[in-house]
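Presented below is the structure to which this report refers.
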Amino acid sequence: LDPPRAVPDPYGWIRDDDRTDPEVLKLLKEENEYTAAVTGKLNGLRSKLYDEMVGSLRETDHSCPGRDGPWFYYTRTYEGKSYRAHCRAPAVGGDGDGDGDAMPAIEWDGTAESPVLPGERVYLDENALAEGRDYCDVRSASESPSHELLAYTIDHTGDEKYRLRVLNASTGEEVDHDAELECDGSVIWGADDSSLYYVEMDEQQRPHKVYRRRLGSSRRDGEKNELIYHDPDETHYVSIHKSSDRRYLFVDTSSMETGEVHYLDLSDPDARLKCVASRRTKVLYEVEHREGSWLITTNASDDPPSANMKLVISPAEEECADRWTAMTDERGRVLFDGGNDRALDDVSAFRGHAVATGREGGIPRIWVVSFSDDDDESEPNRVTRFRRLDFEEEAYDVGLGPNYEYDASHVILSYDSVITPLQSLAVPLDDRDDPTELRRVLKSKIVPGYDKSLYGCERAAVPSRDGATRIPVTLIYRKDVMERHSLAEEGAAAASVPVHLYGYGSYGCPVEADFSSTRLPLLDRGIVYALAHVRGGGEFGRPWYEEPSGAKYLCKENTFRDFVDAGRWLVCDRKLADPDRLSCEGRSAGGLLVGASVNQCPELFRAAILGVPFVDVVATMIDASIPLTAGEWEEWGNPNEERYYDYMMGYSPVNNVRKGAAYPSMLLTGGLHDPRVQYWEPTKFAAELRYNSNNYNNNNSGDGGRDGDKSGARPVCVKMEMSAGHFSASDRYKYLKELAFDYAFLLDQMGLVGEEEYDRE
């Protein structure tokens, strides 16, 4: 921008990077008090909703165990306790020989006192770590190669700055801790128990340095914490992981559009960090290792990059880009060519196989690649079979479960759908035809009181306004609700039903058709829950996300248009709802989606929930001093450039509130310590809505409406968590209470609360 242009920011004084300004804290306190006053009559309803949510939760439960050497590892939860306990139990044989992924039959009686597996030991109890704390998040809990030590990282504020501790896994005795060390939460062990690796963040909370730490060292002893990698590029984020065979440490550094991977041979104590392929602008790639070769997912291609990621293979050497070749099946057909039809996300290697995850037809998919098992060492990665695993339901979510063993004969998958609770499935890797009867259900999530036969779902393709795009929308409902709607006279008021529309649409992250027991209180009150799979997500691979036809940079508004078009389809074409019975919701970038959509079409919605919403787009993205901002320029654009400034100002919710328009009732939530979406964004948007909209009878007193007409037929409320970050409460019961608060607000504003359900004064 030359000359520079000012960003209108009348509420800029609300920003306080230190979170200590008395006036700002007073404002946030008053916002919470106002919201409490508006929703005060809903205490009983909130309690009822909370009880229903807890009632559909099997409070004492466990995750699916996964074998890692001599132990099975899993987590447990207990009735009345807010956090997980990390457990392990000896594997049969205990020496890692034999069937490395053999799964014993679980004969657990469902009580807290009974072990899930014989010999169960709790080696880390998050409930103990959370005592006396308002917030507690354990990001990593990683056992050492000998299984004698445990490294874990913990955050007690919600600011996503983690502390690293190492314990004796058997006794719980602390082996290593440096009070001055902060990291991003990831931790990877070296070849043995003597060292581990972690990632340090800069002042903007960008992961940028990788250190090797010798146990027992202190931060003051600089030579004990050895810097092995640093990326000064402010748009790149650094991460670490191990290859599936545990031979290599991978250091990934990538922006939204450009990637580079370095590797360290952990089997060689004298090894140095080497680069797989030097970064090239707009080329992304990720690396796995199998039997002397790199398995690489990449969009590398002749200009321009391929639409989706390809699967290529090369010798496990440094700077090998010129040796990348497409992986083909036994007939010479390319497995993943980067085309539009099949999107590849990731590849995990096993001794005789590889398992690929991705998408096809808008649905998550799993493919199994089988390799030659003959003794020809010259072709250990020759493909002998390539097959896709299929499932019976039309729409579902599937991904990899706890697969720790490189020599496994089965792959563990996690599967669910909008009406099928989570299952852990063991699928044979060697089976050629994959008959479903050979798939073993290791664990099915029990949802107390849930009767699957009462609920239904459907998936529709909604035409967008551009005339070329079909937007998938998944509907979840009680069958009796939809039957009554179908039988009602077409066009009659009685025919409409309340509908809640949810969306996200950014970063290439899809909204999956997965199960959520917390939806049940809405479904059981007659609400149809709709998932809008709008552009900007990754439902159809990278073209659904990238320019020119996705929703990024200068086509970002496709996300908002798709969402509004989905809402209009529900009202005008599907004739399911009417504007007084349609609500919407989104979190984080999904909050931007909702904010921009209600600005575009405020009359379409009756109520809206915006969780930690990114709504002050230009003022945030123009200021690189705000944590994590520079790396986002390759998602939204850099508004320091004129074309992006003009485009982003055209949709930034704070800057586009329609003066005098009647907006839906709105609940905006935030976290004081949120490093991703700063607390002042929902606060500023609420003030702007109150000042400019007609929700408070044009009360333009300059105070944002809080001291004007408090009756507000369509109130704008802010609920600020003073001891949480971006991901809401870490305590599972507190999280449900917060969700009950949101849903009570929604039901009230939608007119779905009976007089008998309100608190008596």
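- Using a 4.0 Å cut-off between charged side-chain N and carboxylate O, Lys209 and Asp184 make no salt bridge.
- Among all heavy-atom pairs drawn from Glu539 and Pro510, the shortest one is OE2-CA, 3.4 Å.
- For Arg67 (side chain) and Gly69 (main-chain N/O), a donor-acceptor pair under 3.5 Å exists by modelled atom type.
- The pair Asp329-Arg333 meets the salt-bridge criterion, since a charged nitrogen lies less than 4.0 angstrom from a carboxylate oxygen.
- Gly185 and Arg139 get closest at one heavy-atom pair: O-CG, 3.1 Å.
- A ring-centre distance under 6.0 Å is not found for Tyr545 and Phe540.
- With respect to Glu317 and Lys274, no salt bridge is recorded, no charged nitrogen being found less than 4.0 Å from a carboxylate O.
- For the pair Arg88 and Trp71, the cation sits on the ring face: its NZ or CZ lies under 6.0 Å from the ring centre, inside 45° of the axis.
- Ring geometry for Tyr507 versus Trp636: interplanar angle over 60°, hence perpendicular rather than tilted (30 to 60°).
- Between the side chains of Ser372 and Arg382, at least one donor N or O lies within less than 3.5 Å of an accepting N or O.
- For the residue pair Ser464/Arg470, the side-chain donor-acceptor check at 3.5 Å is not satisfied.
- A distance of 9.5 Å separates CG in Asn299 from CG in Asn308, rounded to the nearest 0.5 Å.
- Residue Leu593 holds its CG atom at 9.5 Å from OH of Tyr502, rounded to the nearest 0.5 Å.
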For Asp245 and Ser243: C-alpha separation, side-chain torsions, deciding distance, then whether side chain to side chain donor-acceptor pair (under 3.5 Å) applies. CA-CA 5 Å; Asp245 62 4; Ser243 59; 2.6 Å; yes

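- Counting heavy atoms from C-beta on, the side chains of Tyr237 and Arg206 come closer than 4.5 Å.
- By the 30° and 60° cut-offs, the orientation of the rings of Phe336 relative to Trp367 is perpendicular.
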Under the criterion side-chain contact (heavy atoms from CB on, under 4.5 Å), I'd like the reasoning laid out for Phe350 against Val411: C-alpha separation, chi angles, the key distance, then a yes or no. CA-CA 9 Å; Phe350 296 87; Val411 61; 4.3 Å; yes

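- Using modelled atom types, one finds a donor on one side chain and an acceptor on the other under 3.5 Å when comparing Tyr73 with His147.
- Arg247 places a side-chain heavy atom less than 4.5 Å from the side chain of Asp265.
- Cation-pi check for Arg439 over Phe391 is met; the charged atom lies under 6.0 angstrom from the ring centroid and within 45 degrees of its normal.
- Summarising the local packing, CG of Asp192 is surrounded by more than 12 heavy atoms from other residues, nucleotides or ligands at distances under 6.0 Å.
- Closest approach of Tyr285 to Gly259, counting heavy atoms only: CE2-O, 3.5 Å.
- Residues Val473 and Glu458 have side chains not in contact (no heavy-atom distance under 4.5 Å, counting atoms from C-beta outward).
- In this structure, Trp294 and Pro315 approach most closely via the heavy-atom pair CD1-O, 3.2 Å.
- In this structure, Met309 and Arg542 have side chains that are in contact, with non-hydrogen atoms separated by less than 4.5 Å.
- Between the CD atom in Glu405 and the NE2 atom in His410 there is a gap of 14.0 Å [rounded to 0.5 Å].
- Of the possible polar contacts, one joining the His533 side chain to the Val511 backbone as a donor-acceptor pair under 3.5 Å is found.
- Taking the side chain as every heavy atom from C-beta outward, Leu429 and Ser409 never approach each other to under 4.5 Å.
- Distance alone, capped at 3.5 Å, places no donor-acceptor pair between the Asn558 side chain and the Arg561 backbone.
- By the neighbour-count criterion of 12 heavy atoms within 6.0 Å, atom CD of Glu160 is densely surrounded, having more than that number from other residues, nucleotides or ligands.
- Under a 4.0 Å N-O distance rule, the pair Arg279/Asp231 qualifies as a salt bridge.
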Please report the C-alpha distance between Lys556 and Ser506 in whole Å, then the side-chain angles of each, then the deciding distance to 0.1 Å, and finally whether the side chain to side chain donor-acceptor pair (under 3.5 Å) criterion is met. CA-CA 9 Å; Lys556 183 61 201 173; Ser506 290; 2.9 Å; yes

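- Panel note: side chain Glu200, backbone His208; no donor-acceptor pair is recorded below 3.5 Å.
- A side-chain donor from one of Glu288 and Ser244 sits under 3.5 Å from a side-chain acceptor of the other.
- Atom CG of Leu344 sits about 7.0 Å away from atom OG1 of Thr357, to the nearest 0.5 Å.
- A donor-acceptor distance shorter than 3.5 angstrom exists from the side chain of Glu634 to the backbone of Glu257, with no hydrogens or angles considered.
- With contacts defined as side-chain heavy-atom distances shorter than 4.5 Å, the pair Leu249/Ile228 qualifies.
- Nearest heavy-atom pair across Ile419 and Cys457 is CD1-SG, 4.3 Å.
- Looking only at distances, no side-chain donor or acceptor of Arg280 sits under 3.5 Å from a matching main-chain atom of Val283.
- The distance from atom CG of Asp252 to atom CD1 of Ile240, rounded to the nearest 0.5 Å, is 10.0 Å.
- Cation-pi contact between Arg290 and Phe371: present, with separation from the ring centre below 6.0 Å and deviation from the ring axis of at most 45°.
- One N or O on the side chain of Asp562 and one on the backbone of Arg535 form a donor-acceptor pair closer than 3.5 Å.
- Within 6.0 Å of NZ in Lys445 there are 12 or fewer heavy atoms belonging to other residues, nucleotides or ligands.
- The main-chain N or O of Ser140 is found under 3.5 Å from a side-chain atom of Thr153 such that the two form a donor-acceptor pair.
- In terms of heavy-atom proximity, Gly541 sits nearest to Ala343 at CA-CB, 3.7 Å.
- Here Lys310 does not pair with Asp337 in a salt bridge; the nearest charged N to carboxylate O distance is not below 4.0 Å.
- In this structure, CZ on Arg387 lies 11.5 Å from CD1 on Ile366, to the nearest 0.5 angstrom.
- The cationic atom of Arg519 (NZ for Lys, CZ for Arg) lies less than 6.0 Å from the six-membered ring centre of Tyr529 and within 45° of the ring axis.
- We find that Glu360 and Arg342 are joined by a salt bridge, their nearest charged nitrogen and carboxylate oxygen being less than 4.0 Å apart.
- Under the 3.5 Å distance criterion, the side-chain polar atoms of Ser588 are left unmatched by any main-chain donor or acceptor of Gly590.
- Remark: the backbone N or O of Ser255 is not paired with any side-chain donor or acceptor of Thr258 at under 3.5 angstrom.
- Side chain to side chain, Thr420 and Glu393 meet the donor-acceptor criterion of an N or O pair below 3.5 Å.
- With a 4.5 Å cut-off on side-chain heavy atoms, Tyr152 and Val187 do not count as touching.
- The side-chain heavy atoms of Tyr263 and Leu273, taken from C-beta on, include no pair separated by under 4.5 Å.
- There is a side-chain donor-acceptor pair under 3.5 Å between His353 and Asp430.
- Between the side chains of Tyr197 and Arg212, at least one donor-acceptor pair of N or O atoms lies under 3.5 Å.
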Stepwise, does the side chain to side chain donor-acceptor pair (under 3.5 Å) test hold for His236 with Ser254? CA-CA 5 Å; His236 277 239; Ser254 63; 5.9 Å; no

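- Taking a cutoff of 4.0 Å between a charged side-chain nitrogen and a carboxylate oxygen, Arg351 and Asp373 do not qualify as a salt bridge.
- In this structure, Tyr229 has its ring center closer than 6.0 angstrom to the ring center of His262.
- Between Ser63 and Lys443, the side chains place no donor N or O within less than 3.5 Å of an acceptor N or O (distance only, hydrogens not considered).
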